[in-house]
Amino acid sequence: RAQGALDRHREREQEAEELVVRARKELDALEPWRPVADKRAAWALEDRAAAGEREAATLLAEAIDTMAADLKESQAETRAKEQEVIATQSEVIHTLGEVVESRSHETGNHVDRVAEGAALLARLTGLPAEECELLRLAAPMHDVGKIGIPDAVLNKPGKLTDAEYDLMKTHTTLGHQILSQSDRPIMKAAAIVANEHHERWDGRGYPNGIAGEEVHVFGRIVAIVDVFDALTSDRCYRPAMPLAEALCIMVEGRGSQFDPELLDLFLENLDQFRDFMESRFDELQLVKDAGAPVPAPVPDPESPALIEV
């Protein structure tokens, strides 16, 4: 019985040895494929790394997109607030301009016509769009200083005395003082217009007697549009002039009261001022139809004409 057990044990050892030999043969047979297996393992590792990088890049892109969206929303809110401030300033400026207009018994919508006409002439001059819009918003305040002029002088139907005229001229400095307290671009532009729209190209204007391009372009532009609208509108001291007569007076001021180049642009493009000229455009068409052309710009730098509005 013991011998039988020993024999079975030996048989199992022999089977185990055979299994080891067979396994070694199989491993030897697989040896040529080891590099491929190593590469596949490396590829698998690379794939996992690449997947991790892609996931990280995706998360980073999502974070950047979120930050960009938040920034865009913040910028939109800031722009909206800025636009609200500009709209409020514009409304205040326009309202003050209308208050002055009503006090001085000027033709309705004078401040609107000056604003639109000044912006149009600025565009024709080639000023940047933002400056044209700035002037459109600021121009209604050109006469805001008249709020400090007594009604007896402001609405006097006859000719002003020298003392009254000197008092009237202070509306430019009064307007500048009112508007120059603010650092806002619209108010600063309005202060310039208020202070300089009665300066002349030849230096004989007021309040500072500056000449040529020393006068800010905003002041030179508003001077032309303001005078033209005043000449062709009813005032407390005179009725509206016929268009042809008003244009002749404008031409007489070329190179003396008005910037000659800006006046030329105004006269050459008079038809484009249709919207703010309102009914006076119809009169312009009648003048043309009658064969009486709009006076051509004629240099007259020595003209002593002083057109007041």
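- Every residue two or more places apart in sequence or in another chain was checked for a side-chain hydrogen bond (donor to acceptor under 3.5 Å, both in side chains) with Thr170, and none qualifies.
- Looking at residues two or more places apart in sequence or on another chain, you find a side-chain contact (heavy atoms from CB on, under 4.5 Å) between Ala240 and Asp234.
- Smallest separation of non-hydrogen atoms from Val222 and Ala118: CG2-CB, 4.2 Å.
- With sequence neighbours left out, the ring pair (Phe, Tyr, Trp, His ring centres under 6.0 Å) criterion links His176 to no other residue.
- Between atom CG of residue Leu179 and atom CD1 of residue Ile186 there is a gap of 11.5 Å, rounded to the nearest 0.5 Å.
- For Asp259, the side-chain hydrogen bond (donor to acceptor under 3.5 Å, both in side chains) criterion is met by Arg220, not counting sequence neighbours.
- Residue Trp201 shares its hydrophobic cluster (ILVMFWY side chains chained together at separations under 4.5 Å) with no other residue.
- The aromatic ring centroids of His198 and His142 lie 6.0 Å or more from each other.
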Next on the checklist: Between Phe266 and Ile221, does the side chain to side chain contact (heavy atoms under 4.5 Å, CB included) criterion hold? Intermediate values first, please.
Outcome noted: CA-CA 9 Å; Phe266 176 80; Ile221 287 173; over 6 Å; no
Give the intermediate values and the outcome of side chain to side chain contact (heavy atoms under 4.5 Å, CB included) for residues Val225 and Glu116.
CA-CA 9 Å; Val225 180; Glu116 296 303 325; over 6 Å; no
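- Rounded to the nearest 0.5 angstrom, Met168 CE and Lys156 NZ are separated by 10.0 Å.
- Contact record, Ala115 with Ala139: CA-CB, 3.8 Å, taken as the closest heavy-atom pair.
- Expressed to the nearest 0.5 Å, how far CD1 of Ile149 lies from CD of Glu164 amounts to 11.0 Å.
- For Asp166, the side-chain contact (heavy atoms from CB on, under 4.5 Å) partners at least two apart in sequence or on another chain are Lys169.
- Distance check, rounded to the nearest 0.5 Å: OG of Ser233 to CZ of Arg113 gives 4.5 Å.
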Would you check, one step at a time, whether the test side chain to side chain contact (heavy atoms under 4.5 Å, CB included) holds for Leu135 with Val193?
CA-CA 9 Å; Leu135 180 56; Val193 170; 3.9 Å; yes
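- Side chain of Gln181 to main chain of Ile178: no donor-acceptor pair is present (N/O by atom type, distance under 3.5 Å, no hydrogens or angles).
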Please list, one pair per line, the donor and acceptor atoms closer than 3.5 Å that link side chains of residues 122-132 to other protein atoms, with sequence neighbours excluded.
{"unit_1": "Thr125", "atom_1": "OG1", "unit_2": "Leu121", "atom_2": "O", "d": "2.7"}

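- Atom CD of Glu245 has more than 12 neighbouring heavy atoms from other residues, nucleotides or ligands inside a 6.0 Å radius.
- With no hydrogens or angles considered, a side-chain donor-acceptor pair links Asp143 and His197 at under 3.5 Å.
- In this structure, CG on Leu137 lies 11.5 Å from CE on Met187, to the nearest 0.5 angstrom.
- Linking Ile, Leu, Val, Met, Phe, Trp and Tyr whenever their side-chain heavy atoms come within less than 4.5 Å puts Leu243 and Leu263 in one cluster.
- Between Gln177 atom CD and Asn195 atom CG the span is 9.0 Å, to the nearest 0.5 Å.
- In this structure, Ile210 and Glu196 have side chains that are in contact, with non-hydrogen atoms separated by less than 4.5 Å.
- Ion pair Arg254/Asp264 flagged as a salt bridge, since at least one NZ, NE, NH1 or NH2 atom sits closer than 4.0 Å to an Asp/Glu carboxylate oxygen.
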Query raised in the report: Given Ser180 and Lys188, is the side chain to side chain contact (heavy atoms under 4.5 Å, CB included) satisfied, shown in steps?
Result: CA-CA 6 Å; Ser180 61; Lys188 291 173 72 173; over 6 Å; no
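- Between the side chain of Glu199 and the backbone N or O of Gly209 there is at least one donor-acceptor pair closer than 3.5 Å.
- Here the closest heavy-atom approach between residue Ala246 and residue Thr232 is recorded as CB-CG2, 3.7 Å.
- Under the 4.5 Å side-chain heavy-atom criterion for Ile, Leu, Val, Met, Phe, Trp and Tyr, Tyr206 and Val215 are members of distinct hydrophobic clusters.
- A pairwise comparison of heavy atoms in Asn269 and Leu265 identifies ND2-O, 2.8 Å as the closest pair.
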